[in-house]
Amino acid sequence: MLLGVIADDMTGATDVALMLNRAGMRTVQVIGAPAEGASLPDADAVVVALKSRTNPVEEAIADSLAACEALLAAGARQILFKYCSTFDSTERGNIGPVADALMERLGARQAIVCPAFPANGRSIFNGYLFVGEVPLHESSMKDHPLTPMRDSSLVRLMGAQAKHPVGLVSYATVKQGVDAVSKRLAELEQDGRRYVVTDALDNDHLMVLGAAIADHVLLTGGSGIAMGLPENFRKAGLLPNRETASHLAAAAGRPGIISGSCSTATRGQIRQALEAGIPALKVDPLALASGTQTAAELADWALAQPQDKPFLVYSSDDPAEVAAVQQKLGRERAGAIVEEAFAELARRLVAGGVSRLLVAGGETSGAVVQGLSIRTLEIGPEIDPGVPWTRVVEGPELVVALKSGNFGAPDFFLKAWSLLR
Ligand code: ADP
């Protein structure tokens, strides 16, 4: 293995794994912190998906260090700590403290801080993070329920969370190329700046940065920064030229869709699927709570549908309906009831012969993956930006696509199947 990635959430892990796969590294995603001594699958890059974005900081550090040990033991030469391209965190972390712990473990003298992902509108200019055309603190992230982002200066944000001083390599330097960036990084290191925010407005900048940090043992950032890394390994003669597969071989079996995502993009995708005549069953969280609807009934309905096209089981609803349900059940209980039902539904579907599964929703995906005891996913072709088909490596014969709520075009549920063979 060449590159080890520690990702602070599930769909973010899939996102970076896809980025590496497309750039020519055979990439596998492992779910959860590996147990001590556990061996990792053989691949060019392994991404460990943690749930460490918002859990207690000590737990996030312990899980990240455990992942780091397993990746080093498997031969990783470079570690990328992957977090969200909107730097989702609070004043206490967990990005800073986890980066500090990894820096210490790896003996890294310097690490860049680069959440930029220009293809998705996340750019960094003079150290300020933009979402589309607005600074981070003016974007919808300012009202995030768990990690409201009220500042856009990455130098300040990282400085408040991490132990070491933070410097900046600005756009003016990045556009001069690799040598200029390397020189500036060395100057900043002399000056004690062990973290360095790096500007990036487009993919060319990410490639320059990737080349400039070929020798850094630790990197931190979003999935964008992964773009330039495979080329370093190729140049060093460590990585052969690999073709990106355009299709994934999937076992014969039935296709199905589960959606617990209430995001705008998902609701549009559901509308298109309904218009296209996909058999669909809407789940009522209140009926699940009272026991008048059960996961077993949902599975029985799904398995009774025609086998030659996908079915859709969804709880997705518009904000007013979701708010009404949350008022009655409580926000967390409503979420947990639906997630538990979908985890149980997924188990029953796979037992009933479903071997191709689309899941919409970040938390929903986490619940389904856990329900199916999936530990390892091999990354396949991209359906839409950030969402690949993946194959379960050990466990049921199954291919799954885990779609984060706001990802995917309106025809996502219809077109995804054409990438399977
Ligand atoms: P997204 O990626 O779109 O944010 P998630 O799966 O991460 O989707 O989050 C959706 C959350 O909403 C989950 O906890 C899910 O169980 C919950 N949920 C789904 N449908 C409903 C509904 N009709 N009413 C209330 N909560 C719901």
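Along the sequence shown, residues carry numbers from 1. Counting convention: from 1, in listed order, for ligands and their atoms alike.
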Give the intermediate values and the outcome of side chain to side chain donor-acceptor pair (under 3.5 Å) for residues Asp63 and Ser52. CA-CA 8 Å; Asp63 286 353; Ser52 56; over 6 Å; no
Are the charged groups of Lys282 and Asp317 less than 4.0 angstrom apart, N to O? yes
Parallel, tilted or perpendicular: which describes the rings of His205 and Tyr171, with under 30° parallel and over 60° perpendicular? perpendicular
For the pair Arg193 (side chain) and Val166 (backbone), establish whether a donor and an acceptor sit closer than 3.5 Å, ignoring hydrogens and angles. yes
Measure centre to centre between the rings of Tyr128 and Phe130, then say whether the value is under 6.0 Å. no
Going by an N to O cut-off under 4.0 Å, is there a salt bridge joining Asp100 and Lys163? no
Mind listing the N or O contacts between ligand 1 and protein, cut-off under 3.5 Å?
residue, atom, partner, partner atom, Å
ligand 1, 2 (O), Gly362, N, 2.9
ligand 1, 2 (O), Gly405, N, 2.9
ligand 1, 3 (O), Ser261, OG, 2.6
ligand 1, 3 (O), Ser263, OG, 2.6
ligand 1, 6 (O), Glu363, N, 3.4
ligand 1, 6 (O), Thr364, N, 3.0
ligand 1, 6 (O), Thr364, OG1, 2.6
ligand 1, 7 (O), Gly362, N, 3.2
ligand 1, 7 (O), Glu363, N, 2.7
ligand 1, 14 (O), Glu339, OE2, 2.5
ligand 1, 16 (O), Gly335, O, 3.0
ligand 1, 20 (N), Ser315, O, 3.4
ligand 1, 20 (N), Ser315, OG, 2.8
ligand 1, 23 (N), Ser315, O, 2.9

